[in-house]
Amino acid sequence: METDVLVIGGGAAGLMCALTAGRRGRRVRVLEHANRCGKKILMSGGGRCNFTNTGTTPANFLSANPHFCKSALARYRPEHFIAMVEAHGIAYHEKELGQLFCDDSSKQIVAMLLAECADAGVQVDTSCSIEAVEALPGGGYQLRTTRGTMRAPSLVVATGGLSIPAMGATGFGYELARQFGHAVLPTRAGLVPLTLSGKHQEHYADLAGVAFHVSARCGKARFDNAMLITHRGLSGPAILQISNYWEPGKELLLDLLPELDIEAFLLERQRAQPAAELRTVLADVLPRRFAERLCETWFPSKPMRQFTHRQLPDLARQLAHWPIVASGTEGYRTAEVTLGGVDTDGVSSASMESKHCPGLYFVGEVLDVTGWLGGYNFQWAWASGHAAGSAA
Ligand code: FDA
């Protein structure tokens with residue numbers, strides 16, 4: 001066979017896997033069905049690619065097996081990727097919370113990965129569709145593609161998740177996993193805006209564009225960050241983060257004033273400004289339009305002196321436990337990631353190799369490992385790609 005490693009998918013994990021294997025002297029070929037590699041990298045981080053998070057730990061990932069990601073993440077850490085970025089002279093900065101972004105453009109990250117691949121002798125074929133995959137009787141895999149038939153002892157599935165189909169996302173990796181006897185856990189859109197319907201949507205819709213800091217909670221998960229009201233529901237980092245944990249039927253609560261002792265604040269204002277209306281008091285700590293909507297719809301505004309000593313603590317409690325009745329999510333069309341995927345039970349956490357099909361590897365988002373918002377998903381793509389590239 002003239003190729004050692006065939007990689008299906010030229011995204012973040014596939015390119016990292018290819019360049020790592022290529023550097024080891026393996027003859028590697030990447031097969032990408034889109035007309036260019038790394039389209040998701042290009043659109044990531046608002047065009048500046050949040051390429052890693054310096055605070056990455058296994059606790060930042062969701063998976064049916066929370067231990068699975070540990071080995072790969074420990075062996076390929078953010079500083080390893082940062083070293084590559086620096087070696088290519090790419091300027092970057094920390095935005096917040098350990099999130100590293102390019103100063104200029106995500107294009108630099110794709111160019112860097114492709115340059116590293118070229119340097120390692122990797123052949124990259126774009127606009128190449130895979131028609132069939134089969135295991136060869138003597139070991140290895142045969143692919144029928146629009147560029148001809150190819151064979152290799154190692155096959156790496158790096159086809160990503162289902163989010164943003166317009167960018168080339170397919171369920172191909174899941175189908176391939178099933179074909180080779182792997183279980184695929186149910187998938188759903190993650191890091192995605194939530195939708196509201198009926199009166200819940202009516203209450204907020206004309207506030208579209210209003211943003212403020214909240215604490216979003218679902219079960220044990222809690223994220224303090226900005227929330228944005230949209231025409232169809234809620235978005236912003238706090239909502240995208242909590243969307244990974246929310247499913248229809250699960251309770252979702254917002255603390256609308258997470259940085260404030262709300263009860264103490266309301267009692268103090270009652271003492272200091274007894275004639276002030278509740279809506280005016282709330283507008284000091286919340287966006288004015290949102291404070292007015294609260295008072296039009298939920299808490300009739302009146303002068304602070306008219307609230308009893310029972311009512312203000314009750315009001316404070318409601319503001320800290322504001323229920324959101326989401327009707328769903330915006331789905332894969334806008335989701336940044338796909339939750340679920342190839343069950344990690346069937347895959348080695350050290351090498352990403354299938355436990356029952358020698359030479360078959362799964363890397364990146366196609367696996368049931370999903371990170372928080374903030375550079376964690378790319379760090380998983382680099383780490384899992386590196387693990388497979390070191391073994392394949
Ligand atoms: P990825 O999707 O990158 O690559 C899969 C590749 O396989 C694609 O090139 C695809 O075309 C190809 N492919 C699919 N099916 C195929 C087939 N049948 N044959 C051949 N090729 C096939 N994460 C982060 O850490 N920081 C960030 O800033 C962002 N920002 C961001 C913005 C937006 C809008 C999105 C949608 C996502 C992000 N992400 C992110 C998430 C991040 O992009 C994602 O987790 C990684 O790209 C996953 O890397 P993979 O290589 O696994 O899949």
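Atoms within a ligand are numbered from 1 in the order they appear, just like the ligands themselves.
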Heavy-atom gap Ala335 to ligand 1 smaller than 4.0 Å: yes
For Ile164, the ligand 1 atoms whose distance to one of its heavy atoms is below 4.0 Å: 36 (C)
Nearest protein heavy atom with distance in Å, relative to atom 45 (O) of ligand 1: Glu365 OE1, 2.9 Å
Aromatic ring pairing His93/Phe101, orientation class (parallel under 30°, perpendicular over 60°, tilted between): parallel
Polar atom proximity, Ile130 to ligand 1 (N or O, under 3.5 Å): no
Close approach, Ser163 and ligand 1, non-hydrogen under 4.0 angstrom: no
For Pro66, all residues meeting side-chain contact (heavy atoms from CB on, under 4.5 Å), sequence neighbours excluded: none
Check: Thr126/Asn35 side-chain N/O donor and acceptor closer than 3.5 Å: no
N/O separation below 3.5 Å, Val337 to ligand 1: no
Contacting atoms of ligand 1, where contact means under 4.0 angstrom from a heavy atom of Ala12: 3 (O), 49 (O), 51 (O)
Numbered atoms of ligand 1 (with element) below 4.0 Å of Gly375, judged on heavy atoms: 24 (C), 25 (O), 26 (N)
Geometric N/O contact Phe172 with ligand 1, under 3.5 angstrom: no
Protein heavy-atom partner closest to atom 12 (C) of ligand 1 - residue, atom, separation in Å: Glu32 OE1, 3.3 Å
Residue pair Thr56 / Arg77, side-chain heavy-atom distance below 4.5 Å: no
Protein contact to atom 24 (C) of ligand 1 [nearest heavy atom, distance to 0.1 Å]: Phe378 CD1, 3.1 Å
Protein heavy-atom partner closest to atom 29 (C) of ligand 1 - residue, atom, separation in Å: Ser44 CB, 3.6 Å
Aromatic ring pairing Phe290/Tyr204, orientation class (parallel under 30°, perpendicular over 60°, tilted between): parallel
side-chain hydrogen bond (donor to acceptor under 3.5 Å, both in side chains) between His67 and Ser349, worked out: CA-CA 9 Å; His67 304 292; Ser349 62; over 6 Å; no
Check: Phe378 ring centroid to Trp382 ring centroid under 6.0 Å: yes
Part of Ala158 within contact of ligand 1 (heavy atoms, under 4.0 Å): backbone
Pairwise side-chain contact, Thr370 with Asn377, heavy-atom cut-off 4.5 Å (strictly under): yes
Ile8 neighbourhood, listing ligand 1 atoms whose heavy-atom distance to it stays under 4.0 Å: 19 (N), 20 (C)
Minimum side-chain heavy-atom gap Leu73-Phe61 below 4.5 Å: yes
From CA spacing to verdict: salt bridge (Lys or Arg N to Asp or Glu O under 4.0 Å), Arg293, Asp206: CA-CA 10 Å; Arg293 181 57 43 85; Asp206 64 322; 2.7 Å; yes
Contacting atoms of ligand 1, where contact means under 4.0 angstrom from a heavy atom of Thr170: 14 (C), 15 (N), 16 (C), 18 (N)
Those atoms of ligand 1 less than 4.0 Å from some heavy atom in Tyr376: 25 (O)
Closest to atom 53 (O) of ligand 1 (judged by heavy-atom distance), picking from Gly160, Gly9, Gly11: Gly160
Whether Tyr141 and Phe180 hold their rings parallel, tilted or perpendicular, with breakpoints at 30° and 60°: perpendicular
Closest approach of any protein heavy atom to atom 51 (O) of ligand 1, naming residue and atom: Ala13 N, 2.8 Å
Atom indices of ligand 1 within 4.0 angstrom of Gly45 heavy atoms, with elements: 28 (O), 30 (N)
Distance-only donor-acceptor check, side chains Thr52 and Gln379, under 3.5 Å: yes
With His200 via ring pair (Phe, Tyr, Trp, His ring centres under 6.0 Å) - residues at least two apart: none
Under 4.0 Å to a heavy atom of Asn50 - the qualifying atoms of ligand 1, by number: 24 (C), 25 (O), 26 (N), 27 (C), 28 (O)
Identity of the nearest option to atom 38 (C) of ligand 1, non-hydrogen atoms only, from His33, Glu336, Met43: Glu336
